[in-house]
Every structure is written in C-alpha cells, then in structure tokens.
Amino acid sequence: MIQPVDVALDATIEGYLIGSPISVIREYNSSPGTGPRLHRHPYVETFIIHRGRALFTVEGEQVIGAGGQVLVVPALAAHRFEVLDGGTYEATHVHSNDRFVTEWLE
C-alpha cells in the first residue's frame, strides 16, 4: 500500500527509510549568502527550483538558478550554491541515491 510522507518546508528524507531509490532535501531559505560549502556526490543531484534565486558554482562555472528552472549536477562534480537577494529560495534537491553520500571539499 502506498503511504504519503509529510515533509516540512525545510526537511531531508533518505530514500531507504521510505522504500525509495532517491533521497530528497526540501530547501527553504531566505538568508542571502547562505548555502552549502563546496562538495560532491558519487551520483547525480537534480535541483528543482520552485522560487527565488541562487548562485550555483559547478566545477568552477557559475550560473544563476531561478524559480521554474531545473539544474542537473553530474556525479562527482564539485558544486556549491548560495542564496541571492530578492526573495526566499525554495527548491527540492533530488539525490539519485537512497542515502546521502557527500564528500566535503572545503
């Protein structure tokens, strides 16, 4: 039987806990300049941006991601992002793994 899982605005869910092959971070952040430091994963990470803007750095290349866009970061690509002025950054980060595996690079 399928059971829904309640998710807070700012939550993490590792897939193995709910029988899913993916893990999810639900990001909700209104503090400009904040975000994770440089890191990488051994799997693809997909950012589904619902609203707001963030400056993404992926393998040294910078791009602004905004509400309504999807960004895909390849496996093993060093990346980070920081929230920009102009509203709350709200996104769903989909990790293509049933557990979070992160190598922090700074």
Side-chain angles (χ1 to χ4, degrees):
M1 176 181 231
I2 297 173
Q3 293 293 323
V5 177
D6 292 328
V7 180
L9 282 176
D10 195 11
T12 61
I13 300 172
E14 286 192 288
Y16 79 95
L17 295 171
I18 59 171
S20 175
I22 65 165
S23 296
V24 175
I25 296 174
R26 180 73 197 271
E27 184 84 25
Y28 185 86
N29 190 330
S30 59
S31 300
T34 60
R37 63 191 193 275
L38 192 67
H39 64 284
R40 65 182 174 189
H41 311 285
Y43 48 78
V44 171
E45 183 175 5
T46 302
F47 295 85
I48 304 166
I49 304 170
H50 305 291
R51 66 183 177 130
R53 299 179 322 129
L55 176 63
F56 286 80
T57 303
V58 180
E59 290 294 320
E61 181 180 339
Q62 292 189 319
V63 63
I64 294 176
Q69 295 180 322
V70 175
L71 282 75
V72 178
V73 175
L76 298 175
H79 63 283
R80 65 182 304 278
F81 72 87
E82 67 180 66
V83 175
L84 297 173
D85 284 331
T88 300
Y89 171 77
E90 186 176 347
T92 303
H93 305 176
V94 181
H95 290 241
S96 300
N97 199 46
D98 70 345
R99 298 169 200 275
F100 296 116
V101 179
T102 302
E103 178 184 358
W104 296 101
L105 302 172
E106 62 178 29

- In Å, rounded to the nearest 0.5 Å, how long is the span from CG of Leu71 to OG1 of Thr46? 9.5 Å
- Would you say His39's side chain and His79's backbone share a donor-acceptor pair under 3.5 angstrom? yes
- Query: Is any side-chain heavy atom of Ile18 less than 4.5 Å from a side-chain heavy atom of Ile13?
  - Reply: yes
- Side-chain ion pair, Arg99 and Glu14, N-O less than 4.0 Å: no
- To the nearest 0.5 angstrom, please state how far the CZ atom of Phe56 sits from the CD1 atom of Ile64. 10.5 Å
- Task: Find the distance between CG (Asn29) and OG1 (Thr34) and round it off to the nearest 0.5 Å.
- Result: 3.5 Å
- So how far is it from Leu105 CG to Arg80 CZ, rounded to the nearest 0.5 Å? 11.5 Å
- Item | Note: Glu106-Arg37 ion pair, threshold 4.0 Å (strictly below) | no
- Message: Is there a continuous path of hydrophobic side-chain contacts, each under 4.5 Å between heavy atoms, that joins Val101 to Ile25?
- Response: yes
- Side-chain donor/acceptor of Gln69 to backbone N/O of Ala66, under 3.5 Å: yes
- Verify side-chain contact (heavy atoms from CB on, under 4.5 Å) between Glu82 and Leu55, making sure each step is shown before the conclusion. CA-CA 5 Å; Glu82 67 180 66; Leu55 176 63; 4.2 Å; yes
- Item | Check against side-chain contact (heavy atoms from CB on, under 4.5 Å), Phe81 and Thr57 | CA-CA 6 Å; Phe81 72 87; Thr57 303; over 6 Å; no
- Query: Quick one: does Phe100's side chain get under 4.5 Å of Glu45's, heavy atoms only?
  - Reply: no
- Enter the distance from Ile48:CD1 to Glu27:CD here, rounded to the nearest 0.5 Å. 13.5 Å
- Between the side chain of Ser23 and the main-chain N/O of Gly15, is any donor-acceptor distance below 3.5 Å? yes
- Message: We want to know whether Thr92 and His50 form a side-chain donor-acceptor pair, criterion being a heavy-atom distance below 3.5 angstrom.
- Response: yes
- Which heavy-atom pair separates Pro42 from Leu76 by the least distance, and what is that distance? CA-CD2, 3.9 Å
- Item | Distance (rounded to the nearest 0.5 Å) between Arg40 CZ and Trp104 CH2 | 13.0 Å
- Contacts of Ile22 that satisfy side-chain contact (heavy atoms from CB on, under 4.5 Å) - sequence neighbours left out: Ser20, Val24, Val94
- Query: Between Tyr16, Phe47, Tyr43, which is the residue that forms a ring pair (Phe, Tyr, Trp, His ring centres under 6.0 Å) with His95?
  - Reply: Tyr43
- Item | Criterion side-chain contact (heavy atoms from CB on, under 4.5 Å) on Val70 and Ile49, from CA distance to verdict | CA-CA 6 Å; Val70 175; Ile49 304 170; over 6 Å; no
